[in-house]
> 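Sharing a structure here in structure tokens format.
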Amino acid sequence: MSVSHSITSDTVSEKLLISHSGPLHGTVTVSGAKNSVLPIMAASLLTNERSIIGNVPSVTDVHSMGEILRRLGAEVTLTGDRLVVNPNAYQGTVASYDLVSRMRASICVLGPLLARHGKAQVSMPGGCVIGPRPIDLHLKGMQALGVRITIEHGYVVAVAGKLKGARVHLGGTFGSSVLATGNVMMAATLAEGTTFIEQAACEPEVIDLANFLIAMGARIEGHGSPMIRVEGVERLHGVEYRIIPDRIEAGTLMIATAAVGGDVMIEGVRADHLGAVIDKLSEAGVHIEKLNGSLRVRASGQTRAVDVTTLPFPGFPTDLQAQMMALMAVSKGVSILTEKVYPERFMHISELNRMGASIMREGASAIVKGVEQLSGAPVTAPDLRASAALVLAGLAADNQTELSGLEHLERGYQRLEQQLVQVGAKIRRLGQDEQ
Ligand code: EPZ
């Protein structure tokens, strides 16, 4: 993993040329879950033994987390989808602004550093286009475990002796917190005594992190439920572990098929991670068949408008809200999309409206009036999931859509365009010299 791999200059200048496509036919395989591997990479710091992690997607966020671990003194190599982390005996304890500002998930090195070294300095993550990214629940959890926290020059400065198990409630204004749950769970694994996390996040990625920690020798129960119990142990050891499939990538592929019609087999997915998505797409008129480890998605290309409210798991995932909006933009009827997780997560509305969609924002909701046809246009991705939504809109639009801002797409999708081309989508990547 090269230290310099963050956002290559050509990615910034490249564009995707997306033509009207569909119906889609064929088979695609889903990559490993980005939002699972990021906290698991941080968890590998809880021991000085080597860990090997399989099914790792080669996306910018993974390379960014790798860079943070290297700056902390670990050796990190990614060969294909196999990530090896060798935390050396000594580790630094500072995660600097230039790295954390690029990726908020960096905050989840806080728990492991405090558990191993009793101190950490992690830059406060800035806000981002999907809304403020507070970390009050992370800090509340650490303080409950006996950590003294001060904020100095934009950094969280945390000092602790041996962490002490405690009962902590991690429910915030917007419900549970995925990474705060992970951060506290990681810190609690080496604390003295038992920790109870109330209103813990139940996302599959939290379960995956817990299973990784248990494989390392941690004692955890209740993961996947709102009440997690962690019994501290003396030490943890290195492991070999395989990441779960990416439910958001799978959901994006399902919504693409719904938007332009077709018959697509999506392999290597966990249907139990996609209950709300399967429910909503079925309500919209898409036929979804659960086969062992795969989903067969059949659609006519004309879906019905449905209302969607995003909620913590098992509710409809906020990371598929933008993609669902692109589908509703060409569905029959009027739908209301309500964000209960990130009320500001609507940067994609203006770009979709430039493509002829009819969407109006009302506070934490968007009212989407389906139109017959979107029209291709040059558009710019404002954030990761909005970029995926604009790819889907481009497939459904007439003429051609030129999408720039691919650095956002590549944060979380290793090969979305290749997967879509594989089932018949007309997408071409334009280098700088071709524009
Ligand atoms: C994780 O972020 C995901 N990222 C996000 O995916 C995802 O959108 C989010 O969970 C919700 O599912 C990773 O796992 C790396 P939260 P996280 O803490 O943990 C508020 C993507 O596109 N909150 O569950 O940071 C917060 O503002 C990314 O892949 C506090 O108030 O999200 C939000 O409104 C985007 N205080 C709500 O909780 C805190 O201390 C849920 O956020 C922390 C969060």
Side-chain angles (χ1 to χ4, degrees), residues 31-43 57 59-62 64-65 68 100 102-111 122 124-144 149 156 168-186 197 199-209 226 243-244 246-249 251-252 273 276-277 310-323 339-345 347-348 364 381-389 408-414 416:
S31 321
K34 160 185 85 93
N35 289 349
S36 196
V37 73
L38 296 178
I40 282 177
M41 286 173 76
V59 293
T60 314
D61 275 5
V62 167
S64 299
M65 183 59 88
I68 288 174
V100 176
R102 197 187 300 165
M103 183 184 63
R104 272 135 216 75
S106 326
I107 190 68
C108 53
V109 298
L110 187 62
V122 180
M124 296 282 282
C128 70
V129 289
I130 66 175
R133 302 294 293 271
I135 57 168
D136 56 307
L137 296 172
H138 296 252
L139 303 185
K140 175 181 178 183
M142 296 308 153
Q143 285 165 325
I149 301 261
V156 172
V168 59
H169 187 87
L170 283 188
T173 320
F174 301 95
S176 51
S177 163
V178 173
L179 289 181
T181 301
N183 230 342
V184 175
M185 191 163 64
M186 288 188 276
I197 304 174
Q199 201 169 346
C202 305
E203 271 69 359
E205 294 77 23
V206 172
I207 299 174
D208 213 23
L209 172 61
I243 300 292
I244 56 170
D246 192 318
R247 63 193 169 102
I248 304 304
E249 180 183 277
T252 304
H273 294 171
V277 181
T310 67
L311 285 165
F313 192 87
F316 192 93
T318 172
D319 292 351
L320 284 171
Q321 178 260 109
Q323 299 90 316
E339 258 294 349
K340 294 276 188 190
V341 181
Y342 290 114
E344 302 298 319
R345 194 175 197 169
M347 292 296 284
H348 36 286
D383 64 70
L384 164 56
R385 303 303 175 183
S387 58
H408 295 290
L409 187 68
E410 296 189 347
R411 288 193 53 174
Y413 291 94
Q414 177 175 331
L416 183 65

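Indexing begins at 1, ligand by ligand and atom by atom, following the structure's order. Below, all heavy atoms of this structure are taken into account, side chains as well, without hydrogens, waters or symmetry copies. Everything numeric here is computed off the predicted structure, so don't read it as measured data.
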> Please round to the nearest 0.5 Å and tell me the distance separating atom CG of Leu137 and atom CD1 of Ile197.
11.5 Å
> Starting from atom 15 (C) of ligand 1, locate the nearest protein heavy atom and write down its residue, its atom name and how far away it is, to 0.1 Å.
Asn35 OD1, 3.3 Å
> With a 4.0 Å cut-off on heavy atoms, is Leu384 in contact with ligand 1?
yes
> How does Arg345 reach ligand 1, if at all, at less than 4.0 Å between non-hydrogen atoms: by side chain, backbone, both, or neither?
side chain
> Are any side-chain N or O atoms of Asp61 and backbone N or O atoms of Met103, one a donor and one an acceptor, separated by less than 3.5 Å?
no
> Identify the closest protein heavy atom to atom 25 (O) of ligand 1: which residue and atom is it, and at what distance?
Arg133 NH2, 3.3 Å
> Mark up the atoms of ligand 1 that fall under 4.0 Å of a heavy atom belonging to Asp319, in ascending order.
5 (C), 6 (O), 7 (C), 8 (O), 21 (C), 22 (O), 28 (C), 29 (O), 35 (C)
> Mind checking whether Arg385 has a heavy atom under 4.0 Å from ligand 1?
yes
> At what distance is the nearest protein heavy atom to atom 19 (O) of ligand 1, and which residue and atom is it?
Leu179 N, 2.8 Å
> Under the rule for side-chain contact (heavy atoms from CB on, under 4.5 Å), what residues qualify as partners of Phe174, not counting sequence neighbours?
Pro343
> Look at atom NZ of Lys140 and say whether more than 12 heavy atoms of other residues, nucleotides or ligands are closer to it than 6.0 Å.
yes
> Quick one: do the Glu339 and Thr310 side chains pair a donor with an acceptor below 3.5 Å?
yes
